[in-house]
2 protein chains.
Amino acid sequence: MQTVVIPPHRLVFVETEPARCVFNLTEGVVKIYKMLPDGRRQVTGFIFPGDFLGLVQSPFYAYTAETVTEAKLCQFPRKRLEALLDKLPDLGDRLLGMASHELAIAQEQMILLGRKSARERVASFFLMLSKAAQRRGEQGNPISIPMQRGDIADYLGLTPETVSRTISRFNAQRLIQIKDDEQVSIVDPVALYKVAAGALRDAELGV
Amino acid sequence: MQTVVIPPHRLVFVETEPARCVFNLTEGVVKIYKMLPDGRRQVTGFIFPGDFLGLVQSPFYAYTAETVTEAKLCQFPRKRLEALLDKLPDLGDRLLGMASHELAIAQEQMILLGRKSARERVASFFLMLSKAAQRRGEQGNPISIPMQRGDIADYLGLTPETVSRTISRFNAQRLIQIKDDEQVSIVDPVALYKVAAGALRDAELGV
DNA sequence: CGAGCGATTGAACGCTCTCAAAGTGAGTGG
DNA sequence: CCACTCACTTTGAGAGCGTTCAATCGCTCG
């Protein structure tokens, strides 16, 4: 086991590459994504401190991982992990719990991608960021948005332009207040929740 | 452990309900889905014979399961499963492997929902059905499509009309041949693969 | 034979994308 | 310290894909 620090916008590992190590993120943000042959990209998740990375059964990584900010990672050789698994059966339970949790998140993301409008997606994204920040002990408001618009777009199944427009509109409608590209405060959390769930239409907000 | 047979279009269990049992499907097809408050639905997966159902860590089901066709299921009380887990540590490995596999499928579905066009989605769906049939020993062509258009639409993040139109178009372009609503033979598998991956555009197919 | 549900087909609309231009900020070098 | 560059974001205008609304078709069942 070994700690590594990786600068922003660097690959941690690449899809289809042999899965030699498992990582635990201690600082920073990492995005994971898959690509289509023609270059289209889907960001399948963002990894925050405390989360694991590269936990797969198969001998190859199923996705690419890339730092968003500078990241500090604990690196375990997979073989070591397997040996540990034999000694500590409780560890297997925890891994199963984590996989189960990730699966639930993945299904939530499917309903977002398959059935939500652009504004519902962006509202859901802000709330996700806020909850993720709270889960690691920070206050959920204002939220820091370390990833760039293109990453958000590829996470939400939109274009960067649509993400930008939607954020601007939320700002004009006083749901949020934009400080800068990376900092947004939630002005009306209740309304934002309603928008995310599709219970509050654009027309009802004026502007 | 006990075997149950459930008629078509019946609920097996419902989201948020206490997760008392785990199921193993031995015959038939089941769909699992999540809903938004306003009724929009996302089918997150179809379950085929051999697959497990309701494997969650949390005390509540994370989604609703409903039969598509008549289904035969083996039902395990969850407590029994947990007891078994203590005795057979290898079982934990298999469960982890299954969860890991499901996660990979979920990520594949995310790229479909987030980045693929309607025709790419429908082509991918046909190939998925074909592969699923082959995996359980049937021949993958012609494919049987037991679910109705609305289910397919909610799985692919489309409307039933778009699914229908897309299938008709594939038929006219001689990629597939429609026998009836539930039976389709793949005429040009190579072209269908290319369409699914976005490497073959509509315009290149004439008609 | 009629009722009813699902599938198909058609026409028009609208949300998001595409293409394009202008704005903004960080980093670099003079 | 300031001008320049370059990448990212924002904003605008127009186009297109999939949706919506509606009508027709076809099958199953009573």
Side-chain angles (χ1 to χ4, degrees), chain A residues 7-9 31 36 38-42 68-70 112-123 125 145-173 176-184 195 198 201-203 207, chain B residues 7-9 31 36 38-42 68-69 112-125 145-173 176-184 195 198 201-203 207:
Chain A
H9 309 295
K31 67 189 178 210
L36 287 173
D38 61 6
R40 281 175 289 177
R41 190 178 65 148
Q42 179 67 36
V68 170
T69 63
E70 180 177 276
L112 180 147
L113 293 170
R115 288 297 176 222
K116 289 189 180 181
S117 69
R119 62 200 325 268
E120 289 165 0
R121 295 183 199 197
V122 175
F125 177 69
I145 305 176
M147 59 291 283
Q148 46 196 48
R149 298 293 180 260
D151 291 335
I152 300 173
D154 283 343
Y155 180 61
L156 299 177
L158 301 170
T159 58
E161 293 94 329
T162 297
V163 171
S164 176
R165 271 186 257 273
T166 305
I167 294 177
S168 297
R169 193 135 238 277
F170 284 164
N171 188 60
Q173 293 172 335
I176 62 171
Q177 180 156 11
I178 301 173
K179 295 183 129 70
D180 59 57
D181 286 0
E182 301 195 354
Q183 206 77 9
V184 163
V195 171
R201 301 177 174 286
D202 196 33
V207 182
Chain B
H9 309 296
K31 68 189 177 208
L36 288 172
D38 61 5
R40 281 176 288 177
R41 191 177 65 148
Q42 180 67 35
V68 170
T69 64
L112 179 145
L113 292 171
R115 288 297 177 222
K116 288 189 179 180
S117 69
R119 59 200 330 269
E120 288 165 0
R121 296 183 198 198
V122 175
S124 301
F125 176 69
I145 305 176
M147 58 291 282
Q148 46 198 46
R149 298 294 181 261
D151 292 334
I152 300 173
D154 284 344
Y155 180 63
L156 299 178
L158 301 171
T159 58
E161 292 94 328
T162 298
V163 171
S164 177
R165 272 187 257 273
T166 306
I167 294 177
S168 297
R169 194 135 237 276
F170 284 165
N171 188 61
Q173 293 171 334
I176 63 172
Q177 180 157 9
I178 300 174
K179 293 181 131 68
D180 59 57
D181 286 0
E182 301 195 355
Q183 206 75 10
V184 164
V195 171
R201 300 176 176 286
D202 197 34
V207 182

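Keep in mind that this is a model prediction, so the values were computed, not measured. Below, chain A is the first sequence line, B the second, and so on; all start at residue 1.
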Taking the side chain as C-beta and beyond, is there a heavy-atom pair between L36(B) and K116(A) under 4.5 Å? yes

Distance-minimising heavy-atom pair for [X] and [Y]:
X: H9(A); Y: V68(A); value: CE1-O, 3.7 Å
X: V163(A); Y: A153(A); value: CG2-CA, 3.7 Å
X: Q42(B); Y: D154(B); value: NE2-O, 3.1 Å
X: I167(B); Y: R149(B); value: CD1-NE, 3.9 Å

Can you check the [X] [atom1] to [N] [atom2] distance for me, whole Å?
X: D154(A); N: dT16(C); atom1: CG; atom2: C1'; result: 15 Å
X: R121(A); N: dT16(C); atom1: CZ; atom2: P; result: 8 Å
X: I145(A); N: dC8(D); atom1: CD1; atom2: P; result: 17 Å
X: R169(A); N: dT10(D); atom1: CZ; atom2: P; result: 15 Å
X: D202(A); N: dT16(C); atom1: CG; atom2: C1'; result: 14 Å
X: L113(A); N: dT16(C); atom1: CG; atom2: C1'; result: 15 Å
X: H9(A); N: dG27(C); atom1: NE2; atom2: P; result: 11 Å

Check D202(A) with R169(A), please: is the shortest side-chain N to carboxylate O separation under 4.0 Å? yes

Write out a two-atom table: protein N or O, nucleotide N or O from nucleotides 4-7 of chain C, distance below 3.5 Å.
unit_1 : atom_1 : unit_2  : atom_2 : d
dA7(C) : OP1    : R149(B) : N      : 3.0

Got a sec, which residues hit ring-ring contact (aromatic ring centres under 6.0 Å, His included) with Y155(A), two or more places apart in sequence or on another chain?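 With sequence neighbours excluded, Y155(A) shows a ring-ring contact (aromatic ring centres under 6.0 Å, His included) to F46(A), F125(A), given in chain and number order.
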
Could you give the angle between the helix axes at the two ends of the helix from dC1(C)-dG30(D) to dG30(C)-dC1(D), with five pairs per end, rounded to 10 degrees? 30°

Output one line per pair: protein atom, nucleotide atom from nucleotides 23-26 of chain C, and distance, for all N/O pairs under 3.5 Å.
none

Please list, chain by chain and in numerical order, all residues satisfying side chain to side chain donor-acceptor pair (under 3.5 Å) with T162(A), sequence neighbours excluded.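 For T162(A) the side chain to side chain donor-acceptor pair (under 3.5 Å) partners, ignoring immediate neighbours, are T159(A).
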
Collect all protein-nucleotide pairs involving nucleotides 15-20 of chain D in which both atoms are nitrogen or oxygen and the distance is under 3.5 Å.
unit_1  : atom_1 : unit_2  : atom_2 : d
dG18(D) : OP1    : A118(B) : N      : 2.7
dT19(D) : OP1    : T159(B) : N      : 3.4
dT19(D) : OP2    : T159(B) : N      : 3.3
dT19(D) : OP2    : T159(B) : OG1    : 3.0
dT19(D) : OP2    : T162(B) : OG1    : 2.3
dT20(D) : O4     : R165(B) : NH2    : 2.8

